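Owing to the predicted nature of the structure, the values given are computational and were not obtained by experimental measurement.
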2 protein chains.
Amino acid sequence: MSDTTNIKALLDSDTTLARRPSLGEEAAEKLREMILLEKFPPGTALPETELSKALGISRTPLREAMRLLEIDGLVEHSDTRRARVAAPSLEELAQNLMVLGALEGLAGEQVCLNATQAQLDLIANLNKRMIEEAPSADPLSAFRLDMEFHRAIVLAAANPSLLETHRQYNARLWRARFISSKRRAHQETKRVMHQSIVDALLARDQNAASNALRRHLDNAVRNIDVAMKEQSQGPIDNNFTGRAVK
Amino acid sequence: MSDTTNIKALLDSDTTLARRPSLGEEAAEKLREMILLEKFPPGTALPETELSKALGISRTPLREAMRLLEIDGLVEHSDTRRARVAAPSLEELAQNLMVLGALEGLAGEQVCLNATQAQLDLIANLNKRMIEEAPSADPLSAFRLDMEFHRAIVLAAANPSLLETHRQYNARLWRARFISSKRRAHQETKRVMHQSIVDALLARDQNAASNALRRHLDNAVRNIDVAMKEQSQGPIDNNFTGRAVK
DNA sequence: ATACAGTTTTTTGTATACAGTATTCAAGTA
DNA sequence: TACTTGAATACTGTATACAAAAAACTGTAT
């Protein structure tokens with residue numbers, strides 16, 4: 001074996017050579033952020049020419065970005081193929097949450113069966129961090145940590161397809177859940193439920209884990225209902241039908 | 001109200017005006033068929049220029065088709081972005097079946113809760129037809145009927161996102177399950193399991209329905225394992241790495 | 001004012017050209 | 001033979017042009 005073979009092996013293995021993202025992927029990332037943070041509120045029209053100019057790219061990669069966002073349920077197309085920011089009804093959100101519950105329930109079962117102790121510890125640690133940082137953290141960071149907790153569970157299930165589908169449902173539910181997460185009243189119930197999830201996982205009790213995760217999301221349906229009604233009566237009137245704000 | 005208003009209202013409502021599909025959607029449909037029926041065996045390279053010429057379209061809509069097929073898990077891209085027919089390992093198939101099981105389990109629960117009696121009858125009827133036609137039908141029609149049965153259950157769950165995600169997982173599992181379905185030995189177990197699914201749904205017993213559906217798919221993992229090993233030892237040597245057959 | 005028809009403007013679908021990468025192949029070297 | 005190198009080839013990413021479809025707008029008649 002020559003010593004250059006070693007070099008090649010090293011280059012292949014160690015660096016996670018993330019091939020540079022395409023313009024479409026980059027655009028999707030920027031747009032995703034803007035949609036989630038409501039720079040583009042639900043219902044906003046997303047004309048290709050205007051957006052591509054704004055992002056300094058041509059329509060070809062922009063269209064790729066739109067398709068990526070459509071996969072995540074953040075963009076939808078009218079019957080005449082005009083793209084807009086998705087504006088799911090409460091019913092649709094509830095339906096998506098139900099699927100998310102089934103996915104996380106499965107993940108919980110698999111974690112009980114297959115996860116290493118290190119992975120369990122990591123999940124438990126995230127929960128601990130959430131409790132500690134809860135009083136001081138701003139709503140966005142707190143919510144991101146919450147999402148990371150759920151993602152860690154699915155990650156430990158060691159099922160790439162499940163992880164990807166979970167990511168998609170998370171994306172399309174992100175906004176509604178973020179709004180809901182800001183309600184003080186929900187914080188304490190959330191804490192209790194997270195604890196029961198962690199307890200079930202550490203005990204490797206499949207049924208308890210699955211049930212705790214699904215109940216947690218059943219609860220989310222109710223919270224979102226309340227939170228959204230509350231917000232729509234609030235002082236700031238969101239633009240639900242207009243065009244992209246420049 | 002003028003009488004022309006009536007005409008407009010009628011045109012809007014009654015025809016399910018399926019907007020004409022784009023070239024990309026049409027191409028995806030053709031390619032999907034060819035992949036599922038193994039005209040393009042797993043691993044086959046799918047270069048854009050060659051395929052677009054073969055289909056008589058330009059690369060732009062062809063690329064859209066590839067993305068559609070990637071969503072369904074029928075096409076995957078190498079690390080250097082070259083497309084090929086997906087060639088899932090047995091492990092990946094098992095992982096996908098697990099997710100499918102969770103999705104159908106959820107569907108079963110929802111059917112018990114929400115489906116109309118008419119929808120339940122439709123499902124029971126499909127099962128009846130399967131039993132009746134089983135002896136005479138060719139493997140492909142029999143399998144299509146089987147898939148229709150499962151789809152009818154998810155349809156009756158009245159959750160569009162669930163239906164779409166279920167469709168995607170079905171697509172990526174289609175080939176393996178079709179191969180498995182041809183084994184005589186599996187026919188009888190399948191019949192029994194289908195019956196227990198129908199019984200649970202008719203009784204609107206959520207837990208029984210969910211469990212029957214999930215067990216059915218757990219069983220599929222084992223069957224696919226056996227069937228694939230059997231086939232790979234068979235007389236016809238499939239092309240697993242070559243280029244598109246012309 | 002409302003509804004309608006015809007026209008203009010906007011927007012999307014598709015083809016094509018070209019640049020940048022990846023792959024293949026052939027010749028040369030140890 | 002096995003390995004490297006460099007040129008030739010094939011393939012993908014992106015920009016752009018043009019056609020077809022949809023939406024917005026205009027003036028007119030009711």
Side-chain angles (χ1 to χ4, degrees), chain A residues 1-9 11-12 17-31 43-70 75-85 241-244 246, chain B residues 1-9 11-12 17-31 43-70 75-85 241-244 246:
Chain A
M1 188 195 283
S2 75
D3 49 0
T4 51
T5 313
N6 284 327
I7 292 170
K8 193 167 183 297
L11 279 173
D12 282 359
L17 55 140
R19 68 183 198 303
R20 153 178 161 311
S22 69
L23 293 186
E25 288 165 336
E26 283 176 6
E29 211 42 58
K30 287 180 196 163
L31 290 172
T44 307
L46 300 170
E48 294 173 3
T49 315
E50 189 181 327
L51 274 182
S52 62
K53 271 184 197 150
L55 292 166
I57 61 180
S58 78
R59 277 179 59 218
T60 312
L62 181 93
R63 298 187 98 214
E64 193 201 321
M66 300 298 254
R67 279 185 214 105
L68 290 174
L69 294 172
E70 182 159 35
V75 163
E76 55 192 19
H77 285 87
S78 76
D79 49 356
T80 56
R81 310 189 128 103
R82 272 148 174 77
R84 66 180 110 85
V85 178
T241 49
R243 304 178 64 81
K246 311 250 175 60
Chain B
M1 189 195 282
S2 74
D3 49 0
T4 52
T5 314
N6 284 327
I7 292 170
K8 192 166 183 297
L11 279 173
D12 281 359
L17 56 140
R19 69 182 197 301
R20 156 178 158 312
S22 70
L23 293 186
E25 288 166 336
E26 282 176 6
E29 212 42 58
K30 287 179 195 164
L31 290 172
T44 307
L46 300 170
E48 293 173 2
T49 317
E50 188 182 327
L51 274 182
S52 62
K53 271 183 196 152
L55 292 166
I57 61 180
S58 77
R59 278 180 58 218
T60 312
L62 181 94
R63 299 187 99 213
E64 193 201 322
M66 300 298 255
R67 279 184 214 106
L68 291 174
L69 294 171
E70 183 159 35
V75 163
E76 55 192 20
H77 285 87
S78 76
D79 48 358
T80 55
R81 299 173 196 268
R82 274 152 170 74
R84 64 180 112 86
V85 178
T241 48
R243 304 178 62 82
K246 310 253 177 55

_Both distances below 3.5 Å, Watson-Crick or wobble geometry, any strand: find the nucleotide opposite D/dC18._
C/dG13
*What is the nucleic acid contact for B/Thr49, judged by heavy atoms within less than 4.0 Å: base, sugar-phosphate only, or nothing?*
base
_For A/Ile57 and A/Thr80, find the nucleotide of DNA chain D closest to each by heavy atoms; which residue's nucleotide sits nearer the 5' end?_
A/Ile57
*Value in whole Å for how far the P atom of D/dT12 lies from CD of A/Glu25*: 15 Å
_Selected nucleotide, minimal atom distance to A/Arg82 side chain, candidates C/dT16, D/dA23, D/dT14_ = D/dA23
*How far apart are the closest heavy atoms of B/Ala27 and B/Ile57, and which atoms are they?*
CB-CD1, 3.9 Å
*Cationic N near anionic O, under 4.0 Å, A/Arg81 to B/Glu25*: yes
*Exercise: identify the closest heavy-atom pair between B/Ala83 and B/Met66*: CB-CE, 3.4 Å
*How is B/Thr60 classified with respect to the nucleic acid when contacts are heavy atoms under 4.0 Å: base, sugar-phosphate, or nothing?*
base
_Using the side chain to side chain contact (heavy atoms under 4.5 Å, CB included) definition, which of the options A/Val85, A/Leu68, A/Leu46, A/Leu31 pairs with A/Val75?_
A/Leu46
*Between A/Glu48 and A/Arg20, which is nearer to the 5' end of DNA chain C once each is assigned its nearest nucleotide?*
A/Glu48
*In whole Å, what is the span from the CD atom of A/Glu64 to the P atom of C/dT12?*
17 Å
*Separation of atom CG in B/Leu23 from atom C1' in C/dT16, rounded to whole Å*: 15 Å
_5' precedence on DNA chain C between B/Ser78 and A/Arg81 (nearest-nucleotide basis)_ = A/Arg81
*Round to a whole Å and report the spacing from NZ of B/Lys53 to P of C/dA15.*
14 Å
